[in-house]
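Read through the structure below, which is laid out as structure tokens, and then see the notes.
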Amino acid sequence: MMLEPERAATLLAERLRRPLSDGVSRPEGDGAAPDGGQAEPGRLGQRVVPKSGRDWLARRTLEELGIHCEATGALQDLKGFLIASHRGVEIVVSDRLAPDERLAVYAHLLAHALIDEAPHASRTFFSRLEYVEGREPVGRSSAERRAEMVADALAQAILRGRLDGAPQYAYRRTREPARNAGLRPALGRLVLDICHRTSLALFWHLPRYQKLRSRPEITFLVQRLESLVRVAYAC
Amino acid sequence: MADRDEVQVARWSAIRERVGACLRELRVSAAATSQARLSGDLEDLGYHVTQSMISRYEQGVLDAPLTLERLVGWALCCASLSAPAFRELMELAGYYVPWSSEDLAHFDTMLRRYRALPLPDQIVLRRKLLWHVLGLRTADAPEHRMPLGSRR
Ligand SMILES: [Zn+2]
């Protein structure tokens, strides 16, 4: 399947954190926002894309990755949907949505692709529909409701430009290869694996943990702990 | 007439009655779709298939082979379509659908959700689905002229 949700989510989060990073130029240059508005000056003097331009930035980023994005006025119950197959990946959103709502739909759809249980290698077809609030199908299972909640939390992490505000296993499918051989590094990797799995399980079941995990100081703490384990176990 | 066309027509003659019956079954079972509605929906997908053609295809009396695109479009326009029914139809028409069990289950869920949507949403989704479904093939399969892959 052509969709690489991990890569797309990581790049999108990075771009949203640093909207004017290299390789992204404005459509009209000269500080003009895509909607015709004026770019806002940033804290350090650099220009940042105004809030209304963030959905353009997201769309542009997704299209760079080969994800075709389209807006239509015909959707009623759907905010948007994603279809991925060998023919490519496309996201269709309702043009009735405000720019920040469109941005949230892009992030949310990517989040669903990230948390999809099936191994992507065995997939030739993937789709996801996003509903307008109150128009969701009735009788959703608890698993589906939980997946919605997790996708929301992950989408928030993307929108904040801080994917590391979510458990690593929620957005990273590829595991790092072992750097060192031996019993001690293997034990260290096992400890880290257990920690990541526990964090992911908590993230799936506890909204309070999702909130806590998204705080920058917790992210910092988690990263420090991981570094310590890596040093201690030489892994 | 070119040899290839003759082969195609001969192949179609051999299967048209069974395919027609299957298409009719798809159209009339569960929430039946009228011929007029189906004709309009196919037109919307860009395929000109009149009501009388629909009727003759269903009876298996039309000589002109139903193309893969129209076949898939027809199936997607029927309210009773399910993933197993789709695969059955395609196999009947001589096409191999290389779906994993995950794909099949996912497509089935997708179809249920799609049918529960209001018509305008269904139309947008159907157009996109048609494009993607026609492109399904195994990753390592050679490029087919018809993406679902003709089975010998
Ligand atoms: Zn969702």
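Here is the naming used below: chain letters follow the sequence lines, and residue numbers restart at 1 for every chain. Side chains are part of it too, since the values below use all heavy atoms of this structure and drop only hydrogens, waters and symmetry mates. If you're wondering where the values come from, they're calculated on a predicted model, not measured in any experiment.
- In this structure, the separation between OG1 on T72(A) and CG on L125(B) is 11.5 Å, given to the nearest 0.5 Å.
- Nearest approach of P120(B) to A74(A), heavy atoms of both residues: CB-O, 3.3 Å.
- For R70(B), the CZ atom is densely surrounded, since the number of other residues' heavy atoms within 6.0 Å is greater than 12.
- Summarising the local packing, CZ of R115(B) is surrounded by more than 12 heavy atoms from other residues, nucleotides or ligands at distances under 6.0 Å.
- The OG1 atom of T124(A) sits 9.5 Å away from the CD atom of E102(B) when rounded to the nearest 0.5 Å.
- Heavy-atom contacts from other residues, nucleotides or ligands closer than 6.0 Å to CZ of R7(A) number 12 or fewer.
- For the atom pair NE2 of H86(A) and CG of L134(B), the computed distance is 14.5 Å after rounding to the nearest 0.5 Å.
- For Q168(A), the CD atom is densely surrounded, since the number of other residues' heavy atoms within 6.0 Å is greater than 12.
- Ranked by heavy-atom pairs under 4.5 Å with chain B, the list E70(A), Q76(A), R135(A) is led by Q76(A).
- Interface residue L129(B): backbone and side-chain heavy atoms are both found under 4.5 Å from chain A.
- Atoms CZ and OG, on R113(B) and S127(A) in that order, are 9.0 Å from each other to the nearest 0.5 Å.
- Rounded to the nearest 0.5 Å, atoms CG (D77(A)) and CG (L117(B)) are 6.5 Å apart.
- The aromatic rings of F125(A) and H106(B) sit perpendicular, their planes meeting at an angle over 60°, well past the 30° parallel limit.
- At least one side-chain heavy atom of H132(B) sits under 4.5 Å from a side-chain heavy atom of E90(A).
- Heavy atoms of L78(A) lying under 4.5 Å from chain B belong to its backbone as well as its side chain.
- Counting heavy atoms from C-beta outward, L129(A) and D121(B) have side chains that stay 4.5 Å or more apart.
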Could you check F81(A) against V124(B) for side chain to side chain contact (heavy atoms under 4.5 Å, CB included), going step by step and ending with a plain yes or no?
CA-CA 10 Å; F81(A) 59 87; V124(B) 176; 3.9 Å; yes
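- Summarising the local packing, CD of E17(B) is surrounded by 12 or fewer heavy atoms from other residues, nucleotides or ligands at distances under 6.0 Å.
- Neither the backbone nor the side chain of L119(B) comes within contact range of chain A; no heavy atom of the residue lies under 4.5 Å from a heavy atom of that chain.
- Around CZ of R162(A), the count of heavy atoms belonging to other residues, nucleotides or ligands within 6.0 Å exceeds 12.
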